[in-house]
Protein chains: 2
Amino acid sequence: MRKEKRQKLERQGWKIGNAADFLELTPEESAFVELKVALSKFLKERRKQSTITQIELAKLLKSSQSRIAKMEAGDPSVSIDLLIRSLLAMGATNKDLAQTISTSKLV
Amino acid sequence: MRKEKRQKLERQGWKIGNAADFLELTPEESAFVELKVALSKFLKERRKQSTITQIELAKLLKSSQSRIAKMEAGDPSVSIDLLIRSLLAMGATNKDLAQTISTSKLV
DNA sequence: GTACATTATGTCACATGTGATATATTCTAT
DNA sequence: ATAGAATATATCACATGTGACATAATGTAC
């Protein structure tokens, strides 16, 4: 039930990352969401720096434009596995990932 | 096909982490596997330090003994999401995760 | 403002991950 | 060697993730 709630709120413009108070997220769940958001942002940054479109990136990753959009939005339907595999395929190093993760909020 | 191949080899005692040469793994795939293995080992270490059994940890994580075993073995059937959620539930911090990831092989 | 590119959102068939259960294997004492 | 605890492996019904497609919303020039 909580996931649907989050999805609904996000749909209406609420951004996760500051929503732990509204939704009943445990600290672990919060940390997990923050971590996903951090990876999402990193993915978006990297793509923008390459000045390629979502469509081009989708082709590179053998995925689809819509899924790239969802990845960058931190959509609940995307796994950390996919985010990490994508980032690695884009040339990110484990150190890049580690830094992204360590700088995500809530320690 | 490659996944089945890896599963078969692992079943026969081959340890991934040095198998990139045998299997046709791209550098990204290798990095991904290494990362998973690193998280697996970290999970096992943490549990052993708490001197609890897989059964007890399974109860804590609302999972099952068999899945804990597979997590600790880096089984292909376990996602990074699950590993990370489990570690967070065990009290690991994002920094712990970051360090684990940055020290996984293949940069 | 309108044509066009880019990004976002909804939906769905199919793929992959998950807890549970059963059973096999390994470990640790005695 | 034997028993019992701990861990590993196999399998499966059900849950979640994924690429693809359609379509909506937003941006960017003219």
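We name chains A, B, ... by the order of the sequence lines, and we start the count at 1 in each one.
Enclosure of atom CD in Gln99(B) is not indicated, since only 12 or fewer non-hydrogen atoms of other residues, nucleotides or ligands lie within 6.0 angstrom.
In this structure, Gln65(A) and Lys62(A) both approach DNA chain D, and ranking their closest nucleotides by distance from the 5' end singles out Lys62(A).
Nucleotide dT9(C) holds its P atom 15 Å from the CD1 atom of Ile68(A), rounded to whole Å. Leu83(A) has its CG atom 15 Å from the C1' atom of dT16(D), to the nearest Å. For the pair Leu43(A) CG and dT7(C) P, the computed distance is 12 Å after rounding to whole Å. In this structure, Asp75(B) places its CG atom 17 Å from P of dT7(D), rounding to the nearest Å. The separation between Arg67(A) atom CZ and dA22(D) atom C1' is 15 Å, rounded to whole Å. Rounded to an integer number of Å, the gap from Arg85(B) CZ to dG19(C) C1' is 12 Å. The distance between atom CG of Leu61(A) and atom C1' of dG19(D), rounded to the nearest whole Å, is 12 Å. Atom CD1 of Ile55(B) and atom P of dA20(C) are 13 Å apart (whole Å).
Nearest to the side-chain atoms of Ala69(B) among the listed nucleotides dA8(C), dT9(D), dT18(C) stands dT9(D).
Residue-to-nucleotide contacts include a donor-acceptor pair under 3.5 Å from the side chain of Lys70(B) to the base of dT11(D). Between the side chain of Glu72(A) and the base of dA8(C) there is no donor-acceptor pair of N/O atoms closer than 3.5 Å. At a cut-off of 3.5 angstrom, the base of dA8(D) holds no donor-acceptor pair with the side chain of Gln54(B). The base of dC21(D) is paired with the side chain of Ser66(A) by a donor and an acceptor separated by under 3.5 Å.
Without hydrogens or angle criteria, Lys36(B) side chain to Val78(B) main chain gives a donor-acceptor distance under 3.5 Å. Side chain of Thr51(A) to backbone of Lys48(A): no donor-acceptor contact under 3.5 angstrom is found.
Expressed to the nearest 0.5 Å, how far CG of Leu87(B) lies from CZ of Phe32(A) amounts to 11.5 Å. Between atom CD1 of residue Ile68(B) and atom OG of residue Ser86(B) there is a gap of 6.0 Å, rounded to the nearest 0.5 Å. Taking NZ of Lys59(A) as the reference point, atom CD1 of Ile52(A) lies at 11.5 Å (rounded to 0.5 Å). How far CG of Leu57(B) is from OG of Ser64(B): 10.5 Å, rounded to the nearest 0.5 Å.
OP1 or OP2 of dA8(C) lies within a sub-4.0 Å distance of a side-chain N or O belonging to Lys44(A). Distances shorter than 4.0 Å separate none of the side-chain N or O atoms of Ser79(A) from OP1 or OP2 on dG17(D). Between Lys36(B) and dG17(C), a side-chain N or O to OP1/OP2 separation shorter than 4.0 Å is absent.
Here Lys48(B) lies out of heavy-atom contact (under 4.0 Å) with every strand.
With a 4.5 Å cut-off on side-chain heavy atoms, Leu35(A) and Leu97(B) count as touching.
Direction of the helix axis in the helix from dG1(C)-dC30(D) to dT30(C)-dA1(D) shifts by 60° between the two five-pair termini, rounded to 10°.
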